[in-house]
Enquirer: 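This is the structure I want to talk about, given as structure tokens.
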Amino acid sequence: MKRYIKQIVTLALLVSLGTSCQDSFDDLYLNPNKPTDVPASLLFNQVLNTMLESPGGQLDRTNQYQLQNNSYFGNNQYNFGAGSQLYGTLTNVVNMEKQATVSGAADLNPYHALGKFFRAYYFTKMSLETGDIPMSEALQGATALMPKYDSQKTVFQNSLTMLEEANADLTQLIAKNDVTLTGDMYFSNSLAAWQKVVNTFRLRLLIHLSKKATTDADLNLAQQFAMIINDPVKYPIMLTSANELKYTWLNPTNRYPLNKETFANGALNNSTSTYVSLLTDRKDPRVFITTDPAPGLVTAGGSPVDFSSFKGGDIGLDMGALASQNGGGVLSYINRYRYYSGYTGETTAIIGFTEMCFNIAEAINRGWITKGPLGDAEAYYNAGIKASMSFYSIPAKGTMTVYSLPLGVPVAGPYISSTVNVDYDAYYAQSTVKYAGNNEAGLKQILEQKYIAFYLNSGLEAYFNWRRTGVPVFKTGVGTGNNGKIALRYKYQAAEQSANTTNYNAAITQYNNVDDVNGTMWLLK
Amino acid sequence: MTVLLRGNQISLYVVDGVPISSDTWNISPDDIETYTVLKGPAAAALYGSRAQYGAILITTKKAGKKKGFTVEFNSTNSVDKGFIAVPHTQHEYGGGMYGQYAFADGFGGGLQDAQYQLWGPKFRGQLLPQYDGAYTPDQTYTTTFGDLTYKGHIKPEPYVNRGYVDGKSNLDRFLRAGFQTTNNINLSASGDKYALRFSLSHSNQKGIVPNTGVRVLNFNTTASYQLSKRLTFNANVNFNKTYSDNVPDVTYGPNSLIYNLSVWTGDEWNVDAPDIRGKWQPGQKNVKIVFPEHVHYNNPWMMVEDWKRGHDKTDINGYMSLNYKLDEHLNVTGRSQITTYSLFRSEKMPWGAFTYARTLGQGDYREDRRNMFENNTDVQVNYNYNIGRLINLSGLVGGSLRNFNYNSNFTSTDYLVIPNVYNFNNSLNQLMTNNFNSKMRVISSYASLDASIGKYATISATGRVDKSSALPNGSNVYFYPSVSGASVISDYVKIPEIISFLKVRGSFATVHGDATATQIGATPFNVYTTLSGSTAGTLTTAFSQYGNNYLSPYGGPDYSLQAVYSTSKPYNNVTAANSSGSIYDPNIKTFNRKTFEEGIDMRFLANRLGLSATVFQYIDGPRILANAISPSTGYASYYINALKTKKDGVEISLTGTPIKNEKFSWDVMANWSTFKEVYSELPPGQSNYNTFFKKGDRTDKLYSTGFVKAPDGQIVYDAGGKPLKNPINQFLGYMNADYMWSINNRFKYKNMTMSFQFDGSVGGIISNRLYSLTMQGGANAATVQGALGKSRLDDDTNAGVSNYKGTYVGDGVQVSNEVAIKYDNLGNVTNYSDLKFAKNTATSTVQTWATQYYGQIQEGMLTSKTYAKLREVVIGYNLPKSWLQGTFIDKVSVSVLGRNLLYFYKGNKYKGIDVEQFNSASAASGLQTPTTRRYGVNLNIVF
């Protein structure tokens with residue numbers, strides 16, 4: 001036997017030499033196709049993109065702007081599933097800050113400053129959807145696999161603090177003329193522009209807590225609101241629509257979800273009465289821009305620019321009933337000229353100037369502050385409506401041309417063009433529009449106009465505002481499902497139940513131990 | 001092709017002792033001497049962890065011992081004709097929605113003329129604007145549906161059934177008989193010192209879809225030469241080229257013919273009409289097609305003649321080995337083997353074709369190129385010693401080095417500028433490209449020992465150590481042993497005479513393995529925002545929302561255990577990075593599988609009746625588990641070693657020879673098998689897994705959307721007459737069959753043989769997508785029959801009536817006391833005692849009811865997986881030797897065969913799918929090209 005060993009070893013050596021190994025096992029283990037480090041700007045870009053909540057889908061139904069008329073493609077039910085999962089995006093924020101530091105940025109740098117804003121933005125968004133959420137123990141990976149839930153109050157308090165810090169950091173960076181931010185798709189790396197967004201967003205958060213103004217004095221809602229409004233130098237806020245955080249659609253890379261190629265989907269949705277009636281009741285010219293007249297009403301002899309030709313569907317109706325109404329031609333579609341005839345639709349506000357005007361008006365109405373630089377509540381209410389009108393290019397006074405698509409005509413047209421007279425003062429003079437003062441009626445007007453201005457933008461803000469105030473009245477019925485109720489919250493992520501059981505169970509005790517979409521979260525109480 | 005063994009997919013083929021990562025069809029059946037299925041991980045010790053679920057051992061044909069040469073010719077020709085399962089479609093209503101239809105441009109300009117379903121008007125000869133009506137811009141035609149007045153410029157024509165001709169639908173008339181011919185000629189030559197075999201095969205398959213098919217060319221050469229008494233050289237090389245100008249794509253979507261012809265369009269057009277057959281609109285050749293719809297549906301002739309998907313794959317595998325016989329106890333073998341393939345796939349999508357995420361309709365061109373190379377080099381010492389007269393020890397000791405590398409690239413245009421020019425230079429927008437590279441090395445040593453102790457027992461043991469670069473340093477070396485024993489009791493214990501043979505056997509094996517994948521797709525780790533593909537960063541990431549991401553054999557590292565950033569261009573072509581959604585246990589180890597197998601083999605009545613029974617237990621785990629964790633950690637999954645499942649199974653085989661004499665014999669073989677797999681250990685700290693699964697639960701429980709049920713089991717309806725969907729997924733049944741069975745009979749009479757096999761499976765459910773789609777889309781014949789059919793007539797009469805609410809009343813109950821139904825976290829109704837139920841009386845249109853019942857709720861789409869098939873009938877005849885005497889021909893045999901001749905399936909008329917195509921535990925079926933019956937003839941001549 002021994003004599004063979006040499007021969008075998010020799011043969012084995014020859015074979016192994018013949019297949020030489022250049023890379024070590026460690027080298028081979030690594031994935032050569034993907035980066036393990038990336039510049040902070042690339043993560044920043046991802047975080048910015050995630051801010052957009054695209055119109056053209058479920059969002060528009062939840063906000064009751066659009067309804068589905070064909071049940072194959074969806075329905076109008078408020079059977080909410082899990083809320084947004086934004087912790088992955090927050091991990092991008094954490095890594096963005098880390099990568100900035102790794103690449104030699106100073107402790108105070110734009111990525112860290114904006115990181116605070118993003119944390120506040122994304123944590124509160126998740127909390128607004130679901131209620132209590134993990135925050136203080138979150139984002140630690142394997143170090144804390146079962147993060148405890150923080151109360152919604154804590155989430156908002158922490159977020160408001162982070163916004164205070166973000167504003168302070170940005171002030172310093174702007175003073176130092178810091179130009180290290182890159183990769184900004186919204187403001188071309190302008191820290192001053194971001195600072196306005198930070199403070200404007202803080203106003204939004206404070207308004208979200210309006211039900212807590214008296215019950216939770218430690219939140220200092222009114223004081224914080226006043227502090228910002230009264231010190232525009234320290235807390236700059238948006239001054240015009242140009243300061244908005246908004247998404248601009250591009251062809252061919254980022255087409256508006258409704259565009260001439262997806263035109264056929266337009267027939268599957270109608271505008272809702274929740275939205276259209278608010279406009280037609282007020283003879284609001286915005287209806288001509290955002291909505292098409294009901295095709296059957298026009299073919300039956302109606303004028304395409306008569307308010308009576310615009311009819312939204314009752315989203316509370318059974319889908320079959322809506323399908324029949326649509327089939328009978330008595331329901332309006334979205335305005336195809338504005339939304340479908342091109343590729344870029346309209347810009348989509350994420351944090352808008354119009355919203356801010358209405359938020360300030362509301363704060364004045366509620367007595368948190370008495371006035372702002374523009375004036376009283378009515379001044380801000382007016383500024384909000386006017387900004388919304390000008391978003392739709394509606395002149396204050398004069399004529400404008402509006403377009404609608406009749407039945408049987410392709411997306412390319414020809415569209416019916418009509419001239420309508422508009423007069424803001426006449427519009428405003430109506431009792432339904434003219435500000436009724438700092439009272440319930442005035443507040444309702446602010447909220448109605450805010451709802452109109454939120455049309456197809458700002459994510460779930462229209463729904464959140466309804467949830468907080470009941471304005472405007474959302475329609476319910478068999479079509480909205482959920483036993484005839486509008487759901488008040490989204491559920492937690494499915495994995496929570498399996499992988500974070502104890503904390504999850506503790507979080508849903510307030511909803512009778514069910515992760516219930518009809519449960520009332522803290523800020524609604 | 002998927003080979004399932006005990007519920008797991010086998011991906012390893014071992015050809016003449018050499019493992020190859022391959023598709024089976026790379027080896028010509030004419031070059032295969034035997035197939036052996038090696039069940040269970042006992043195979044892993046010899047072939048590595050790729051054989052953890054078993055392996056298919058293929059022995060290729062070699063030249064025989066007989067000196068001189070032999071030529072053999074083998075030819076098989078077969079025809080595919082007749083479907084065993086297609087849903088019956090209705091022929092009374094055409095395309096549209098809610099009874100309405102008026103064509104303007106097929107793009108939404110008309111009334112329900114885009115992405116319509118088969119809920120359009122009834123064919124009553126009424127005047128309607130249709131796709132081929134004359135377009136007169138200066139004239140307006142009025143069409144009325146109830147309250148709706150439609151005005152358009154297409155001249156209305158009588159609306160009649162066009163597509164159902166002589167009892168044949170558009171699909172029936174579009175598909176044709178498939179044809180396959182496979183011819184092989186081979187030559188064997190043997191001498192004192194050599195044995196050679198050369199084989200050439202060619203196969204040509206024409207698909208049942210026009211203008212599709214595949215050709216396979218195969219060369220195989222085997223040689224052995226005895227260099228000296230002790231030294232033998234063996235070599236084999238197999239070259240295979242599989243190529244096609246056009247392979248059909250059956251993945252659900254506008255790219256699929258079944259989608260276009262069988263599900264969403266109907267008899268409102270005729271596949272043989274000259275304008276449809278001519279494909280292109282006048283003056284718009286290669287630009288705009290003729291079809292009733294231009295958003296999601298495509299002209300089938302354009303799809304097969306212009307929208308082509310090429311496939312060209314060349315596989316080469318071969319080995320050389322040298323065996324040196326040291327003495328009668330020891331020999332040593334050195335062997336080096338290669339497996340390599342290169343793959344080229346292309347897709348030409350013409351202008352005018354529409355599919356998901358390709359809404360501009362200006363075509364595309366794609367190329368997908370992949371190259372795999374693998375080398376396995378082994379040195380083995382085989383030994384064989386007798387110790388005394390009782391004990392024999394044999395086995396081998398060996399070492400192996402596996403080197404693997406793979407690279408691929410994929411490029412796609414983003415629309416074409418000039419129609420019909422399939423070149424990347426012709427891309428309208430920025431090109432989309434991707435490349436991928438991977439390398440891997442595994443060093444192994446292994447040993448086996450087979451000990452036989454006289455007539456009493458044989459005992460075998462194996463062991464293998466691997467070091468793999470597909471695992472992190474520190475846990476990349478791992479050992480796995482196996483042991484087995486068998487004893488032929490009838491050899492040494494006196495047992496009743498009726499039992500002629502009795503053997504017991506048992507085995508135990510473990511296997512560990514690394515982070516590798518058996519298959520890979522076109523664009524690993526990459527996605528394109530423009531194509532709306534999946535966003536999962538894996539080897540099989542689907543790059544596009546439409547079509548089939550072809551998976552080819554891989555066997556390399558999947559890089560799943562390391563955090564990387566994924567990148568994409570979400571806005572304005574600027575790159576953004578996304579963090580890994582996973583974290584990793586730094587001490588992660590190999591996966592772990594243990595198996596136990598016990599068996600008994602008995603023969604009775606002088607071996608005329610045989611029984612073989614096996615029970616097996618597989619314990620899988622701890623696995624390498626991507627465990628879902630609380631997303632608030634910042635990550636969606638944590639890779640840990642956790643989760644155990646246990647699979648128990650039984651396999652019984654009965655063989656018998658009821659009749660056997662010189663002229664006639666009859667052999668029967670019956671098989672029965674079953675297994676079930678349960679969760680035996682959940683990840684640490686968890687009382688449930690994937691929300692619904694508890695320890696001890698079967699792993700194939702199907703949880704999906706279900707109806708809400710009253711305490712008596714009736715379906716609860718809402719006030720609009722639609723079934724309510726439970727807000728939480730419900731347990732709907734088990735996906736795996738209860739058991740599978742087969743019976744094979746073989747008769748022999750003189751030179752004639754005849755065999756036939758029935759087989760099937762019992763139990764198990766699947767969500768039947770074809771049934772679901774045809775029901776909610778209005779295509780299924782069931783929508784025009786019975787109560788549904790009656791209400792459909794009413795719906796048609798009331799089309800366009802804006803306050804119409806339908807006449808169909810679904811069978812079920814409603815809550816009658818206005819109390820809201822409350823659910824717990826698992827969807828159980830918690831307030832039954834407060835609820836009062838009354839019969840549902842609310843009416844619906846058939847369309848809205850069917851859409852909810854069959855479209856929104858999986859429970860409405862369930863289908864049993866129980867079926868039986870007459871799988872195969874073969875009749876063979878050998879020409880009598882006496883006839884051939886004096887000719888140069890040695891042997892002639894002819895056989896005719898039929899496959900899939902009969903299919904027994906409950907409700908086949910409406911639910912028709914070949915459930916066998918979904919035999920693994922899958923929740924839902926996809927679209928399939930219908931399974932056909934096959935009839936063939938085989939001729940074998942040996943010279």
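Keep in mind that the numbers below use all heavy atoms, side chains included, and drop hydrogens, waters and symmetry copies. Lettering follows sequence order; numbering is per chain, from 1.
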Enquirer: Which bit of B/Ala470 comes within less than 4.5 Å of chain A, counting heavy atoms only: side chain, backbone, both or neither?
Expert: backbone
Enquirer: For A/Tyr343, which atoms come within 4.5 Å of any heavy atom of chain B: side chain, backbone, both, or neither?
Expert: side chain
Enquirer: For chain A, which candidate among B/Asn803, B/Ile728, B/Asp147, B/Asn578 shows the most heavy-atom pairs at distances under 4.5 Å?
Expert: B/Asn578
Enquirer: Quick check on the interface: out of B/Pro727, B/Ser844, B/Pro129, B/Ser579, who has the most heavy-atom pairs with chain A under 4.5 Å?
Expert: B/Ser579
Enquirer: With a 4.5 angstrom heavy-atom cut-off, which part of B/Tyr415 approaches chain A: side chain, backbone, both or neither?
Expert: side chain
Enquirer: Distance from A/Asn33 atom CG to B/Asn435 atom CG, nearest 0.5 Å?
Expert: 7.0 Å
Enquirer: Flag this pair as yes if the NZ/CZ of A/Lys34 is under 6.0 angstrom from the six-membered ring centre of B/Tyr565 and inside a 45 degree cone about the axis; otherwise no.
Expert: no
Enquirer: Only counting residues at least two apart or in another chain, list the ones meeting ring pair (Phe, Tyr, Trp, His ring centres under 6.0 Å) with B/Tyr808.
Expert: B/Trp849
Enquirer: Name the region of B/Gln686, side chain, backbone, both or neither, that has any atom closer than 4.5 Å to a heavy atom of chain A.
Expert: both
Enquirer: Please state whether the side chain, the backbone, both or neither of A/Ile133 comes within less than 4.5 Å of a heavy atom of chain B.
Expert: neither
Enquirer: How many angstroms lie between CG in A/Asp318 and OG1 in B/Thr843, if you round to the nearest 0.5 Å?
Expert: 9.0 Å
Enquirer: With a 4.5 angstrom heavy-atom cut-off, could you sort out which part of A/Lys491 is near chain B: side chain, backbone, both or neither?
Expert: side chain
Enquirer: About how many Å separate OG of B/Ser568 and CG of A/Asn49, when rounded to the nearest 0.5 Å?
Expert: 7.5 Å
Enquirer: So which part of B/Leu111 gets closer than 4.5 Å to some heavy atom of chain A, the side chain, the backbone, both or neither?
Expert: side chain
Enquirer: Is there a side-chain hydrogen bond (donor to acceptor under 3.5 Å, both in side chains) between B/Asn572 and A/Asn254 once you walk through the steps?
Expert: CA-CA 7 Å; B/Asn572 199 19; A/Asn254 302 87; over 6 Å; no
Enquirer: Minimum heavy-atom separation for A/Gly408 and B/Ala104, please, with both atom names.
Expert: O-CB, 3.9 Å
Enquirer: Non-hydrogen atoms of chain A under 4.5 Å away: do they reach the side chain of B/Gln115, the backbone, both or neither?
Expert: both
Enquirer: Start with the C-alpha distance between A/Asn70 and B/Gln847, add both sets of side-chain angles, then the distance that settles side-chain contact (heavy atoms from CB on, under 4.5 Å), and finish with yes or no.
Expert: CA-CA 9 Å; A/Asn70 185 313; B/Gln847 181 179 350; 4.0 Å; yes
Enquirer: Return the CD to OG distance between A/Gln325 and B/Ser802, rounded to the nearest 0.5 Å.
Expert: 6.5 Å
Enquirer: Measure distances from B/Lys467 to the heavy atoms of chain A and classify the residue's part below 4.5 Å as side chain, backbone, both or neither.
Expert: both
Enquirer: Sort A/Val409 into side chain, backbone, both or neither according to what part of it lies under 4.5 angstrom from a heavy atom of chain B.
Expert: backbone
Enquirer: Quick one: list whatever passes ring pair (Phe, Tyr, Trp, His ring centres under 6.0 Å) with B/Phe436, sequence neighbours left out.
Expert: none
Enquirer: Report the option among B/Thr140, B/Asn476, B/Asp824, B/Thr575 that has the most heavy-atom pairs separated by less than 4.5 Å from atoms of chain A.
Expert: B/Thr575
Enquirer: Under 4.5 Å heavy-atom distance to chain B, tell me which part of A/Leu322 shows up: side chain, backbone, both or neither.
Expert: neither
Enquirer: Report the C-alpha separation of A/Thr253 and B/Asn573 in whole Å, then their side-chain angles, then the decisive distance to 0.1 Å, and conclude whether the side-chain hydrogen bond (donor to acceptor under 3.5 Å, both in side chains) test is met.
Expert: CA-CA 7 Å; A/Thr253 54; B/Asn573 278 324; 5.6 Å; no
Enquirer: A/Asn513 versus chain B, heavy atoms under 4.5 Å apart: side chain, backbone, both or neither?
Expert: backbone
Enquirer: Run the side-chain contact (heavy atoms from CB on, under 4.5 Å) check on B/Val574 and A/Met185 step by step: do they pass?
Expert: CA-CA 9 Å; B/Val574 177; A/Met185 62 189 272; over 6 Å; no
Enquirer: Might you work through the side-chain contact (heavy atoms from CB on, under 4.5 Å) test for A/Phe25 and B/Val477, ending with a clear yes or no?
Expert: CA-CA 11 Å; A/Phe25 273 76; B/Val477 180; over 6 Å; no
Enquirer: Mind ranking B/Val801, B/Thr845, B/Ile821 by heavy-atom pairs under 4.5 Å with chain A and telling me who comes out on top?
Expert: B/Ile821
Enquirer: Between A/Gly327 and B/Gln100, what is the shortest heavy-atom contact and its length?
Expert: O-NE2, 2.7 Å
Enquirer: Taking every non-hydrogen pair under 4.5 Å, which of B/Ala820, B/Ala577, B/Ala102 racks up the most with chain A?
Expert: B/Ala577
Enquirer: Tell me the residues of residues 79-91 of chain A whose non-hydrogen atoms fall below 4.5 Å from those of chain B, in number order.
Expert: A/Gln85, A/Tyr87, A/Gly88, A/Thr91
Enquirer: What is the minimum heavy-atom distance between A/Asn69 and B/Tyr98, and which atoms define it?
Expert: O-OH, 3.5 Å
Enquirer: Of the non-hydrogen atoms in B/Gly720 and A/Val478, which two are nearest, and what is the gap between them?
Expert: N-CG2, 3.4 Å
Enquirer: Should A/Tyr29 and B/Leu561 be marked as a side-chain contact (heavy atoms from CB on, under 4.5 Å) after you check the CA-CA gap, both sets of side-chain angles, and the distance that decides it?
Expert: CA-CA 10 Å; A/Tyr29 175 67; B/Leu561 301 179; 3.3 Å; yes
Enquirer: Quick one: what part of B/Pro631 sits under 4.5 Å from any heavy atom of chain A, side chain, backbone, both or neither?
Expert: both
Enquirer: Which heavy atom in B/Tyr571 sits nearest to a heavy atom in A/Tyr247, and how many Å separate them?
Expert: CD1-OH, 3.1 Å
Enquirer: Let's test your reading of the structure: which of B/Gly806, B/Ser468, B/Ser580 forms the most heavy-atom pairs below 4.5 Å with chain A?
Expert: B/Ser468
Enquirer: For A/Tyr504, is it the side chain, the backbone, both, or neither that has a heavy atom closer than 4.5 Å to a heavy atom of chain B?
Expert: side chain
Enquirer: Can you name the nearest heavy-atom pair linking B/Thr567 to A/Pro35, along with the distance?
Expert: CG2-CG, 4.4 Å
Enquirer: For side-chain hydrogen bond (donor to acceptor under 3.5 Å, both in side chains), just list the numbers for B/Thr691 and A/Gln497, CA-CA rounded to whole Å, side-chain angles, deciding distance to a tenth of an Å, and then say yes or no.
Expert: CA-CA 6 Å; B/Thr691 311; A/Gln497 200 173 341; 4.9 Å; no
Enquirer: Let me confirm one number: the CG-CG distance from A/Leu28 to B/Asn403, rounded to the nearest 0.5 Å.
Expert: 8.0 Å
Enquirer: Of the backbone (N, CA, C, O) and the side chain (C-beta and beyond), which part of A/Tyr492 lies under 4.5 Å from a heavy atom of chain B, both, or neither?
Expert: neither
Enquirer: Checking heavy atoms, do the side chain of B/Tyr150, its backbone, both or neither come under 4.5 Å from chain A?
Expert: both
Enquirer: Does NZ in A/Lys148 sit with more than 12 non-hydrogen atoms of other residues, nucleotides or ligands closer than 6.0 Å?
Expert: yes
Enquirer: List in chain and number order the residues that pass ring pair (Phe, Tyr, Trp, His ring centres under 6.0 Å) with B/Tyr383, two or more places apart in sequence or in another chain; answer none if no residue qualifies.
Expert: none
Enquirer: Using heavy-atom distances under 4.5 Å, tell me whether B/Gln856 contacts chain A through its side chain, its backbone, both, or neither.
Expert: side chain
Enquirer: So what's closer than 4.5 Å to chain A heavy atoms on B/Gln430: side chain, backbone, both or neither?
Expert: neither
Enquirer: Does a donor on one side chain and an acceptor on the other come within less than 3.5 Å for B/Asn473 and A/Asp26?
Expert: yes
Enquirer: Side chain, backbone, both or neither: which part of A/Ala267 has a non-hydrogen atom closer than 4.5 Å to chain B?
Expert: neither
Enquirer: Output the distance between atom NZ (B/Lys439) and atom CG (A/Asp27), rounded to the nearest 0.5 Å.
Expert: 9.5 Å
